[in-house]
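To find a chain, count down the sequence lines: A is the first, B the second, and so on, and within it residues start at 1.
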Number of protein chains: 2
Amino acid sequence: MAEDRDMPVIDLQDSGKRAALFERIRRDHSVEIAEDYVELIADLIETNGEARLVDLADLLGVSRPTVNNTIQRLQKEGYVESKPYRSIFLTDKGRAVAEHARQRHHMVLDFLHTIGVPADIAEADAEGLEHHLSEQTLDCLARATEALKKASGHGGNQS
Amino acid sequence: MAEDRDMPVIDLQDSGKRAALFERIRRDHSVEIAEDYVELIADLIETNGEARLVDLADLLGVSRPTVNNTIQRLQKEGYVESKPYRSIFLTDKGRAVAEHARQRHHMVLDFLHTIGVPADIAEADAEGLEHHLSEQTLDCLARATEALKKASGHGGNQS
DNA sequence: TCGCAAACTTAGCATAGGCTAAATTTATAT
DNA sequence: ATATAAATTTAGCCTATGCTAAGTTTGCGA
Ligand SMILES: [Mn+2]
Ligand SMILES: [Mn+2]
Ligand SMILES: [Mn+2]
Ligand SMILES: [Mn+2]
């Protein structure tokens, strides 16, 4: 139970191994924006019938030219399709990514709610956390969420 | 228990509120590198007596000029001090950030281990997750970790 | 001590992701 | 039908973060 809280977390002996972890984080970040965009686009299409650039810009809190720029990149990378001045559609690849992103988003949110994080804060944290969870960890998280739900359901206390 | 897994996670009605969440993520990302650097620098100083640019570059998996560039920015922003061609030191601000980062890193890792994530994967995921947890969520996470430890300790099963 | 290797810096380049201002196209309302 | 408004795009700018190649400084071994 002695939780060496002031020891390096990091193995300074094997720099190659450590470097690989940071490389994964940099990769995660490079797909993060794609994930948020396609998830929003899927939501907009389902809710409004179409995904317009102006709505994306409002939801993301960035300027319209910024969205335009990113959409062009996402189109090059095969996530979306859109003809000039028309609204935005998902490719099969984009739809798959959106579906996956949405599931993870739900799972993270469900977990945060279960451990007692207030809804607003859970929403905020989930938006960042969702992009850094491996499949393995998602599995374990789902199991832990169920375990905690069961525990508190059967008369457990958490405060 | 009907977990509407194919509903938008996102409130498309209030774009201002949603935009605020993404703005926080963008802010998180802009301090993320600072956190990883100061944490590594603290570890190197404790372990080796000094933090050298070349070791940072090896551990981070980036080139030496990249580290040089970032260190100059971190110095402007008051996290580190270093005279040309000499090794790198933390300011009080840098030390505080490093300490905080290390605690979070430990907590996330402890949690991931507790829910059964293999050590390698836990290390990898923690490196990204650690930067997106609010204080509130950290609190709840610590409590959940204890609860799960207790549960499995007292003859619980998780698979 | 002095020459070479290691470490660090500078210069120059690239891409991603932001911005504003201005141009262009599409949609709407009279 | 046409003027105006809204939406989208382009142009031009910025910073952060990455790179390689080349220069500079430091440190060490012979
Ligand atoms: Mn999401
Ligand atoms: Mn997100
Ligand atoms: Mn860390
Ligand atoms: Mn990290």
Side-chain angles (χ1 to χ4, degrees), chain A residues 15 19-38 40-41 44-45 48-89 127-128 131, chain B residues 15 19-38 40-41 44-45 48-89 127-128 131:
Chain A
S15 60
L21 304 191
F22 287 114
E23 272 149 27
R24 205 206 83 184
I25 305 305
R26 289 193 290 272
R27 201 165 46 249
D28 285 350
H29 282 149
S30 83
V31 293
E32 187 162 331
I33 288 202
E35 290 177 342
D36 285 335
Y37 269 71
V38 296
L40 275 179
I41 290 166
L44 282 167
I45 289 172
N48 297 349
E50 66 175 343
R52 299 187 313 160
L53 190 148
V54 62
D55 295 323
L56 280 174
D58 285 351
L59 286 164
L60 291 162
V62 297
S63 72
R64 270 108 87 146
T66 293
V67 174
N68 190 262
N69 196 35
T70 302
I71 290 296
Q72 290 187 20
R73 179 173 66 80
L74 295 183
Q75 190 159 19
K76 276 197 217 92
E77 293 171 3
Y79 294 101
V80 306
E81 278 174 65
S82 128
K83 292 191 264 287
Y85 293 98
R86 319 268 35 164
S87 67
I88 299 145
F89 301 90
E127 199 54 68
H131 309 282
Chain B
S15 60
L21 305 191
F22 287 114
E23 273 150 26
R24 205 205 83 183
I25 305 305
R26 288 193 290 272
R27 203 168 40 252
D28 286 349
H29 282 150
S30 82
V31 292
E32 186 161 333
I33 288 202
E35 291 177 343
D36 285 335
Y37 269 71
V38 297
L40 275 179
I41 291 166
L44 282 167
I45 289 173
N48 297 349
E50 66 175 342
R52 299 188 314 160
L53 192 149
V54 61
D55 296 323
L56 280 174
D58 286 351
L59 285 164
L60 290 162
V62 296
S63 72
R64 271 108 88 146
T66 293
V67 174
N68 191 264
N69 196 33
T70 303
I71 290 295
Q72 291 187 19
R73 178 174 67 79
L74 295 183
Q75 189 159 20
K76 277 198 215 91
E77 293 171 3
Y79 293 100
V80 308
E81 278 174 65
S82 128
K83 291 191 264 287
Y85 293 98
R86 320 271 29 169
S87 67
I88 298 147
F89 300 91
E127 199 55 69
H131 309 282

Self-check item: Protein-nucleotide distance (A:E23, atom CD; D:dT17, atom C1'), rounded to Å
Solution: 14 Å

Quiz item: With a 4.5 Å limit on heavy-atom distance, are the side chains of B:H131 and B:V31 in contact?
Solution: no

Self-check item: Near-strand residues of residues 53-61 of chain B, defined as heavy-atom separation under 4.0 angstrom from DNA chain C
Solution: B:L53, B:V54

Practice problem: Output the distance between atom NZ (B:K83) and atom CD (B:Q75), rounded to the nearest 0.5 Å. | Solution: 9.5 Å

Quiz prompt | Nearest-nucleotide pick for B:S63, side chain only, options being D:dT20, D:dG18, C:dA7 | solution = D:dT20

Practice problem: Give a yes/no on whether any side-chain N or O of A:R52 is located under 4.0 angstrom from OP1 or OP2 of D:dT8. | Solution: no

Quiz item: How long is the span from the OH atom in A:Y79 to the CD1 atom in A:I88, to the nearest 0.5 Å?
Solution: 16.0 Å

Self-check item: Separation of C:dG17 C1' from A:L74 CG (nearest whole Å)
Solution: 12 Å

Quiz item: Can you tell me how far P of C:dA7 sits from CG of B:N48, to the nearest Å?
Solution: 13 Å

Quiz item: Are OP1 or OP2 of D:dC19 and a side-chain N or O of B:T66 less than 4.0 angstrom apart?
Solution: yes

Quiz item: Heavy-atom distance under 4.5 Å between the side chains of A:L60 and A:Y37, does that happen here?
Solution: yes

Self-check item: Separation of D:dA16 P from B:E35 CD (nearest whole Å)
Solution: 17 Å

Quiz item: Tell me: CZ of A:R64 to P of D:dA6, nearest whole Å?
Solution: 10 Å

Self-check item: Spacing of B:R26 atom CZ relative to D:dT17 atom C1', expressed in whole Å
Solution: 18 Å

Quiz item: Which distance, rounded to the nearest 0.5 Å, do you find between the CZ of B:R26 and the CD of A:E127?
Solution: 10.5 Å

Quiz item: Whole Å only: how far is the CD atom of B:Q75 from the P atom of C:dC8?
Solution: 14 Å

Quiz item: After noting the C-alpha distance and the side-chain angles of B:D55 and B:E50, does the key distance pass the side chain to side chain contact (heavy atoms under 4.5 Å, CB included) rule?
Solution: CA-CA 10 Å; B:D55 296 323; B:E50 66 175 342; over 6 Å; no

Quiz prompt | Value rounded to 0.5 Å, distance of CG in B:D28 from CD in B:E35 | solution = 8.0 Å

Practice problem: With the side chain counted from C-beta on, respond yes when A:H29 and B:H29 share a heavy-atom pair under 4.5 Å apart, and no when they do not. | Solution: yes

Quiz item: So do the side chains of B:I71 and B:L56 get within less than 4.5 Å of each other, counting heavy atoms only?
Solution: yes

Exercise. Take atom CG of B:L44 and atom P of C:dA7, then tell me their distance rounded to the nearest Å.
Key: 14 Å

Exercise. Compare the minimum distances between each of C:dG17, C:dT20, D:dA16 and the side chain of A:R73, then state the nucleotide with the smallest one.
Key: C:dG17

Quiz prompt | Minimum heavy-atom distance between A:S82 and A:S87, given as atom pair plus value | solution = CB-O, 3.5 Å

N/O-N/O pairs, protein side and nucleotides 10-14 of chain D side, under 3.5 Å:
{"residue": "D:dT10", "atom": "OP2", "partner": "A:Q72", "partner atom": "NE2", "Å": "3.3"}

Quiz item: Would you call B:R52 and B:L44 a side-chain contact if the rule is heavy atoms closer than 4.5 Å?
Solution: no

Quiz prompt | Members of residues 77-89 of chain A that approach DNA chain D, where some heavy atom sits under 4.0 Å away | solution = A:P84, A:Y85

